[in-house]
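What follows is a single structure, written as structure tokens, with notes after it.
Read the numbers this way: they start at 1 and go in the same order the structure lists the ligands and their atoms. Note that this is a predicted model, so its numbers are computed, not measured.
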Amino acid sequence: MRSTRRSFTKALGLAGVLTLGTALSGGAQAQEEFFSIGTGGQTGVYYVVGQSICRLVNRETEYKCTAPSTGGSIANINAIKSGDMAMGVAQSDWQYHAYNGTSQFEGDKFDKLRSVFSVHPEPFNVIARKDANITSFDDLKGKRVNVGNPGSGQLATMEVVMDAKGWTMEDFALASQLKPAEQAAALGDNNVDAVIYTVGNPNGSIQEATTTVDANLVPVDGPEIEKLISENPYYTKAIIPGGMYTGNPDDVATFGVKATFVASADTDEELVYQVTKAVFENFDRFKTLHPSFATLTKEEMVSDGNSAPLHPGAERYYKEAGLL
Ligand code: GLU
């Protein structure tokens with residue numbers, strides 16, 4: 001089914017879009033175009049991004065959209081590349097690497113990757129059980145750490161940080177790869193000492209972790225992190241505000257990326273135009289759909305965090321709206 005669908009959509013030049021013609025008895029034809037948006041785990045913010053976009057698209061346009069849960073950034077980029085999905089959410093660092101064929105995408109360059117807009121900031125969050133006495137990133141050595149599920153942005157970015165530190169997975173007593181939906185329980189049940197999650201704050205999964213067990217957010221700073229930030233445009237300093245999570249009254253310093261919304265050069269121009277328009281023309285409503293979206297501005301969504309070229313459908317809308 002999958003390969004049939006792929007060749008069908010390729011033939012139409014509509015990556016990830018399935019066009020269904022419904023023959024009606026009177027000879028009339030209703031055309032509905034279905035497409036999918038790649039998100040992340042159900043307890044994360046990407047899932048809300050995808051669901052929110054689909055809600056607006058389904059209401060405002062002729063297109064029909066679904067936003068299933070996926071493994072996250074890397075899984076989404078790969079699904080867009082293979083034509084299985086039309087669009088998806090991905091961290092700005094992995095958008096950069098996929099487009100440029102660097103880091104994990106070395107030898108696997110996706111030069112048809114296109115940016116549509118950026119969304120919320122995503123700090124690199126490290127959450128530890130208080131009884132594990134982890135007060136700095138370096139204290140993770142020798143501990144049981146959930147480093148992120150395969151296909152996720154957090155696992156890929158964790159590998160970059162570990163590389164910068166000269167660490168391997170062998171440096172942990174355990175390096176588990178549980179999904180975000182499982183990690184808070186693993187922390188609470190004392191199956192791991194700490195979890196890594198690159199995700200918009202505040203989010204339900206970290207809230208769950210800090211309310212089910214005494215847990216502290218761990219600062220991620222120091223010379224290696226400073227170097228990563230100064231050498232790479234897609235990393236910035238980030239703060240997890242004090243009081244956001246139970247038992248964590250003080251600001252915690254870390255670094256972060258941006259969530260971005262991406263497509264392929266093969267994704268239909270009109271589709272991307274309509275999706276972009278649905279979000280930007282219903283922007284006040286979009287911003288209420290998750291606390292991480294509250295501070296978004298249209299200007300920053302067009303200018304920040306996008307390193308791949310803009311998709312022509314998005315560009316058309318931004319020009320029309322005076323944003324470019
Ligand atoms: N940043 C994570 C990833 O790229 C996903 C975070 C979320 O689901 O909100 O996999």
Shortest protein heavy-atom distance from atom 6 (C) of ligand 1, along with the residue and atom involved:
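In this structure, atom 6 (C) of ligand 1 has Thr198 O, 3.3 Å as its nearest protein heavy atom.
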[X]: numbered ligand 1 atoms lying under 4.0 Å from its heavy atoms:
X: Gln154; answer: 1 (N), 2 (C), 3 (C), 10 (O)
X: Gly72; answer: 10 (O)
X: Val199; answer: 6 (C), 7 (C), 9 (O)
X: Gln91; answer: 1 (N), 2 (C), 3 (C), 4 (O)
X: Gly153; answer: 3 (C), 4 (O), 10 (O)

Determine whether the aromatic ring centres of residues [Y] and [X] are separated by less than 6.0 angstrom.
X: Phe293; Y: Phe286; value: yes
X: His97; Y: Tyr234; value: yes
X: Phe137; Y: Trp167; value: yes
X: Tyr318; Y: Phe280; value: yes

Side-chain donor-acceptor pair under 3.5 Å between [X] and [Y], yes or no?
X: Tyr46; Y: Glu122; value: yes
X: Asn201; Y: Tyr245; value: yes
X: Gln183; Y: Asn146; value: yes

Decide whether an N or O pair under 3.5 Å exists between [X] and ligand 1.
X: Ser152; answer: no
X: Val45; answer: yes
X: Tyr47; answer: no

Which option wins on minimum heavy-atom distance to atom 4 (O) of ligand 1: Gly71, Ser205, Ser73?
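It is Ser73 that holds the nearest heavy atom.
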